[in-house]
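Read the numbers this way: they start at 1 and go in the same order the structure lists the ligands and their atoms.
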Amino acid sequence: MPSEPANAAPARIPRHLAVIMDGNGRWAQRRRRPRIIGHRAGARAVNICIDFCINRGIRALTLFAFSSENWGRPEDEVGALMKLFLNALEREVEELDRRGVRVRFIGERDRFAAPIRERMAAAERQTRNNDVLHLSIAASYGGRWDIAQAARGLAQDVADGRLDPNDIDETLLASRMSLADLPAPDLFIRTGGDTRISNFLLWQLAYTELWFTEALWPEVDAGLLQNALDDFASRERRFGLTGAQVAAQTNEIVE
Ligand code: IPE
Ligand code: IPE
Ligand code: MG
């Protein structure tokens, strides 16, 4: 999927949707069930979200599945999440491939056990030529980690004599961030009622439209996702320009 420069045209269907899937634990606790039951229900909602994107012609979906900080949760919850993750990889990849979904993972991969790393690599290999939906799973991911790894890569190039520090600019740094080949997310959705970024795509969300809902992730359905899209379609994205400038650009595009 080609990366396109941001323009101030009126928002319609987002090209790229980024989602913080939050509230699994509370969903289970409200039912007096262990938190892991909520994570299992959350996995079902992932499929609903993928279906929705395919049906609505959204070309890129990035899901926050596990943050750098989530490694600090109780050992049994982390262990259960890893098992769920491995099972999902074993169960879902064939079907995703069949539907033309390209799957990739962003985040600090070294922290996962070898069987999970191998499954991730296999899923990426199997689906690499698909183009219907670019699905990126952020796992062991942190926006700060992402910026640090991009900076480390540039520093290494300078140390090796391949890069002049004066040539480092936003475009070059952006090219080393995760998802560099995709347009930046147009729309961000967070479920679970909290209105924060929690170290998700810090760099990439600079001009993303943010949408929050009290609904817990396992409660997500197509109707709720459509509400987010409808809200998005009504917004004016100005990218730092004035409303009049945006209107003029829009007229140029229409003419
Ligand atoms: C999101 O749900 C999934 C992960 C972070 C792995 P939570 O587990 O954070 O659920 P709440 O926020 O505690 O309800
Ligand atoms: C964000 O949710 C991470 C994921 C959904 C994977 P958290 O539950 O970890 O975020 P905080 O702790 O409420 O900020
Ligand atoms: Mg949470």
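- Annotation: cation-pi geometry not satisfied between Arg30 and Trp27 (NZ/CZ under 6.0 angstrom from ring centroid, within 45° of ring axis).
- Using a 4.0 angstrom heavy-atom cutoff, His39 counts as in contact with ligand 1.
- Under the rule for a side chain to side chain donor-acceptor pair (under 3.5 Å), Asp221 has no partner lying at least two apart in sequence or in another chain.
- Ligand 1 has a nitrogen or oxygen under 3.5 angstrom from a nitrogen or oxygen of Asp22.
- Of all protein atoms, those of element N, O or S that lie under 2.8 Å from the Mg ion (ligand 3) number 1.
- For atom 6 (C) of ligand 1, the nearest non-hydrogen atom of the protein is Ala65 O, 3.4 Å.
- Note: no N/O pair closer than 3.5 Å links Ser67 and ligand 2 by distance alone.
- Where the criterion is an N or O separation shorter than 3.5 Å, residue side chain and backbone included, Gly25 meets it with respect to ligand 1.
- Contact annotation for Phe200 and ligand 2: no heavy atom of the residue comes within less than 4.0 Å of the ligand.
- For atom 1 (C) of ligand 1, the closest heavy atom belonging to the protein is Met21 O, 3.1 Å.
- With hydrogens left out, the protein atom closest to atom 13 (O) of ligand 2 is Arg196 NH2, 2.8 Å, a heavy atom.
- In the hydrophobic cluster analysis, where Ile, Leu, Val, Met, Phe, Trp and Tyr join through side-chain heavy atoms closer than 4.5 angstrom, Leu84 is grouped apart from Leu135.
- Follow the hydrophobic side-chain contacts under 4.5 Å out from Leu81 and you reach Leu86 in the same cluster.
- Annotation: side chain to side chain donor-acceptor pair (under 3.5 Å) contacts involving residues 106-122, sequence neighbours excluded, comprise Arg109-Glu124.
- Judged by the shortest distance from any of its heavy atoms, Gly23 lies inside the 4.0 Å radius around the atoms of ligand 1.
- Remark: the Asn47 side chain and the Glu95 side chain contain no N/O donor-acceptor pair separated by less than 3.5 Å.
- Between Asp194 and ligand 2, no N or O atom pair is found at a separation short of 3.5 Å.
- Close to ligand 2: Arg73, with a non-hydrogen atom less than 4.0 angstrom away.
- At a threshold of 4.5 Å between side-chain heavy atoms, the hydrophobic network of Ile, Leu, Val, Met, Phe, Trp and Tyr places Trp203 and Ile168 in one connected group.
- Under the side chain to side chain contact (heavy atoms under 4.5 Å, CB included) criterion, Asn24 pairs with His39, Trp217, Pro218, sequence neighbours left out.
- The number of heavy atoms from other shown groups lying within 6.0 Å of CZ (Arg32) does not exceed 12.
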